[in-house]
Number of protein chains: 2
Amino acid sequence: MAEEFGDRAQHLLKVLVESYIRSGQPVGSRALARDSGLDVSAATVRNAMADLEELGMVSSPHTSAGRIPTNKGYRIFVDSLLTIKPLSEREIITMRGQFGGEGSNQELAASVSSYLSGITEMAGMVMIPRTAKRSSLRHIEFMPLSDNRILAILVINEKDVQNTVIKVDRHYSAAELQQSANFLNSELTGHELFDVRHRILKELRETKVGMEQMMHQAITMAEQVFDQPVSSSDTDDFVLSGQTRLMGFEELSNIDKLRGLFEAFNEKQQILQLLDQCLDGDGVQIFIGDESGYGVLDECSMVTSGYQVDGEVLGILGVIGPTRMAYERVIPIVDVTAKLVSAALAQSK
Amino acid sequence: MAEEFGDRAQHLLKVLVESYIRSGQPVGSRALARDSGLDVSAATVRNAMADLEELGMVSSPHTSAGRIPTNKGYRIFVDSLLTIKPLSEREIITMRGQFGGEGSNQELAASVSSYLSGITEMAGMVMIPRTAKRSSLRHIEFMPLSDNRILAILVINEKDVQNTVIKVDRHYSAAELQQSANFLNSELTGHELFDVRHRILKELRETKVGMEQMMHQAITMAEQVFDQPVSSSDTDDFVLSGQTRLMGFEELSNIDKLRGLFEAFNEKQQILQLLDQCLDGDGVQIFIGDESGYGVLDECSMVTSGYQVDGEVLGILGVIGPTRMAYERVIPIVDVTAKLVSAALAQSK
DNA sequence: ATTAGCACTCGCAATCTTAGAGTGCTAAAC
DNA sequence: GTTTAGCACTCTAAGATTGCGAGTGCTAAT
């Protein structure tokens, strides 16, 4: 019952949010009555506003100002009131040109992130998930370093390369390492990283109990290589662009708030955690303000969508901007971008 | 003559700058007379101030405020008036513990940058120069990708790995690539990248006119690999930490200024250019305000120093902070850090 | 050359004023 | 019972006014 409110109230909320998004100013009853298209007086609107305020949808900054939407109000707005303006054919075509199949995943991500930032004039982000799933090992190679350390080079899929340094108990010659690599290549190449990590190594170890010394060493090394988080530096898998655009927004002119936000961007960890939550859902998802339970995003919203290959959500992309953003424009942009990226990935596979 | 001014004026300028750095407030004649230790009256100080103002060393924000140093005033201060407080033995020992010889150059740079930021409470930066000099090629390896593209993997020195994708005219088999790599390894391994790029390939091409097909291909590939800027992504060689700390400073509370600064940080290019200028000089160098001819650094100073191996300056590290920073503390910190990094690099070599 | 004295300037913060926007309530109208 | 008009009231934002304190520049005396 607390959530129930009539058609007119809904309509008014919609118009109010739209108006506030446009102007950034609290919306008064007179203006709202005029803009609503309804043939009601300002007094009636005032009554409705009082109800909406009681429901926690709107609030007024002070007694004699108009109303502004609360996070909850925004939530209702985007969930059930928003009329999305689909992109024109033209726009989609323009966008399609942006994401050529060239370059590594890293490069693609950077380009998409920057594109999102540019077109929405907010901050763009692309997360590249740990490549544990859907990534098959192409080749493995060892190289001796000083101090009993070995450089392992993994080639994954078609484009991506990862380097890991492991430590071993003694010095190995180049020839020995070559042998180990050959063995591992013959056993592991073509398998998905996920499988390699969770099954194959174990099997190898178990089945070949009496195996010769060399294989034993090889497997020990491999275990060390694949034990690490696959993406060598855990922070490489998240690209943020155009953060500075956020400095242009009124609601973020408070330096301390801005600072908190930028520090969060630098941490990455927390943002990634947030994005991980989106991995489950389907289609465009929206975080409004600190719904995420994450204080620094106070006056911000995130609009995200997963991109996928073969029907499986691989990663997340989206934008971060002020809560007061043009959702009806941003949502289809993020949506289409995710689909185009999915398509580009499918094609390059 | 324009630059000449007496001992007392110099002393007063020194005390003024120190006082302003401490308080951030314009310094009045009375306070300055008191703090100077000189047995003179405020009126005398006022006369001296008038002279200094004429010389462009100080200025007053408005008629009835005290004086603040201009960039030129700061310049004189750091060049000839500053008494540097050397670090205590204790502090140096603590610092020495920070930079273990572990990890790649990238990791070392990140750690140093972050350390500088932490201890100075400003932004730290470390530039890793293109590894063209002082970097010897350890190993080269090719791997076929789709679409006639080849992944080239370079191992440089002991720790660093670089990946480059090149395009070729036809498909090469793994065996063919192995052959090419073997050939190149035998010819190039152990040489410095700089030489490889500028001499050896050329020589090879010239001397072996009638060489067999395979070698020809190998050299063509190698030329493509080494033609690129050696650091695969040109932006990887600059690590900045703690930018957000800059948001805490009064003089950068202007959002637009801050935005310009952060955009410059994102560009990297321009900052790198600036740092390149430091490569020539010896010891600690200081940029004050927009001396660099670089507007966004308006109210900022950079304190930098080169770090070196075998007597050759390899890269630059330092800090960025407000012009009004505690130079007498920051300068020795940067100085010692550079020396410690040099030592750490020498050791790990 | 240095100093004391003094009039003067300026910025800052506090206080007050006014205009405008918008509300909440009440009583009448539909 | 919902809707409306009317009205008193509240609050803010923007100017205007004032007093204070800090600091200067000038002048005349030391």
Side-chain angles (χ1 to χ4, degrees), chain A residues 1 4-13 15-20 22-70 73 250-251 253-254, chain B residues 4-13 15-17 19-20 22-70 73 250-251 253-254:
Chain A
M1 160 197 161
E4 265 174 54
F5 54 113
D7 286 351
R8 183 164 68 202
Q10 288 201 17
H11 180 73
L12 285 173
L13 179 58
V15 177
L16 183 143
V17 176
E18 284 169 351
S19 169
Y20 181 68
R22 224 179 311 114
S23 69
Q25 298 300 318
V27 186
S29 56
R30 196 192 335 274
L32 191 51
R34 175 168 30 78
D35 296 348
S36 71
L38 301 173
D39 196 14
V40 295
S41 76
T44 313
V45 171
R46 280 203 283 281
N47 289 330
M49 285 300 102
D51 296 346
L52 284 177
E53 183 149 18
E54 207 161 344
L55 288 172
M57 305 282 179
V58 299
S59 69
S60 36
H62 56 83
T63 350
S64 87
R67 304 303 214 290
I68 61 178
T70 61
E250 275 288 319
E251 42 270 84
S253 58
N254 174 347
Chain B
E4 265 175 55
F5 52 114
D7 285 351
R8 184 165 66 200
Q10 289 202 15
H11 180 74
L12 285 174
L13 178 58
V15 176
L16 183 143
V17 175
S19 168
Y20 181 69
R22 223 179 312 115
S23 69
Q25 298 300 318
V27 186
S29 55
R30 195 190 339 271
L32 191 50
R34 177 168 30 79
D35 295 349
S36 70
L38 301 173
D39 196 15
V40 293
S41 77
T44 312
V45 172
R46 281 203 283 281
N47 288 330
M49 287 299 102
D51 296 346
L52 285 177
E53 184 150 19
E54 206 161 343
L55 288 172
M57 305 281 179
V58 298
S59 69
S60 39
H62 57 82
T63 350
S64 87
R67 304 303 213 291
I68 62 177
T70 60
E250 276 287 319
E251 41 269 84
S253 59
N254 173 348

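Reckoned from all heavy atoms, side chains included, excluding hydrogens, waters and symmetry mates. Each chain gets a letter, A, B and so on, in the order its sequence line appears, and its residues count up from 1.
In the set dG24(C), dT9(C), dT3(D), dG24(C) carries the atom at the smallest distance from any side-chain atom of Arg67(A). Distance from the side chain of Arg8(A) is smallest for dT3(D) among the nucleotides dT3(C), dG20(C), dT3(D). Of the candidate nucleotides dG25(D), dC10(C), dT3(C), dG25(D) has the atom lying nearest to any side-chain atom of Glu53(B). Counting only heavy atoms from C-beta on, Ser41(A) has its side chain closest to dT4(D) among dT4(D), dA22(D), dT3(C). For Arg46(B), the side-chain atoms get nearest to dT24(D) when compared with the rest of dA4(C), dA5(D), dT24(D). Closest approach to the Ser29(A) side chain among dT23(C), dT3(C), dT4(D) is made by dT23(C) (side chain taken as heavy atoms from C-beta onward).
Taking atom CZ on Arg30(A) and atom C1' on dT4(D), their separation rounds to 14 Å, with Å as the unit. One atom, CD1 of Ile68(B), and another, P of dA22(D), lie 19 Å apart when rounded to the nearest Å. Rounding to whole angstrom units, CG of residue Leu38(A) and C1' of dT2(D) are separated by 15 Å. Met49(A) has its CE atom 18 Å from the C1' atom of dC25(C), to the nearest Å. Taking atom CG of Asp39(A) as the reference point, atom P of dC30(C) lies 15 Å away to the nearest angstrom. Whole-Å rounding puts the Asn47(B) CG to dG23(D) P distance at 17 Å. The CG atom of Asp51(B) sits 15 Å away from the C1' atom of dT24(D) (whole-angstrom rounding). One interatomic measurement links the two molecules: CG of Asp35(B) to P of dG23(D), which rounds to 12 Å at whole-angstrom precision.
Checked options Pro61(A), Pro69(A), Ser60(A); the residue passing with Pro26(A) is Pro61(A) (criterion: side chain to side chain contact (heavy atoms under 4.5 Å, CB included)).
Taking for each of Thr44(B) and Pro61(B) the nucleotide of DNA chain C with the nearest heavy atom, the 5'-most of the two is the partner of Thr44(B). Ranked by how close their nearest DNA chain C nucleotide is to the 5' end, Pro26(A) and His62(B) are led by His62(B).
Contact annotation: the side chain of Val45(B) never approaches that of Arg30(B) to less than 4.5 Å [non-hydrogen atoms, C-beta and beyond]. Here the side chains of Val27(B) and Asp35(B) are not in contact, with every heavy-atom distance at 4.5 Å or above.
Interatomic distance, CD of Glu53(A) versus OG of Ser59(A), reported as 6.5 Å (0.5 Å rounding). In this structure, the separation between CE on Met49(A) and CG on Leu32(A) is 5.0 Å, given to the nearest 0.5 Å.
Interface remark: the Thr63(A) side chain does not form any donor-acceptor pair with the dC11(D) base, using a distance-only criterion of under 3.5 Å.
Using a 4.0 Å heavy-atom cutoff across all strands shown, Ala43(B) reaches at least one base atom of the nucleic acid.
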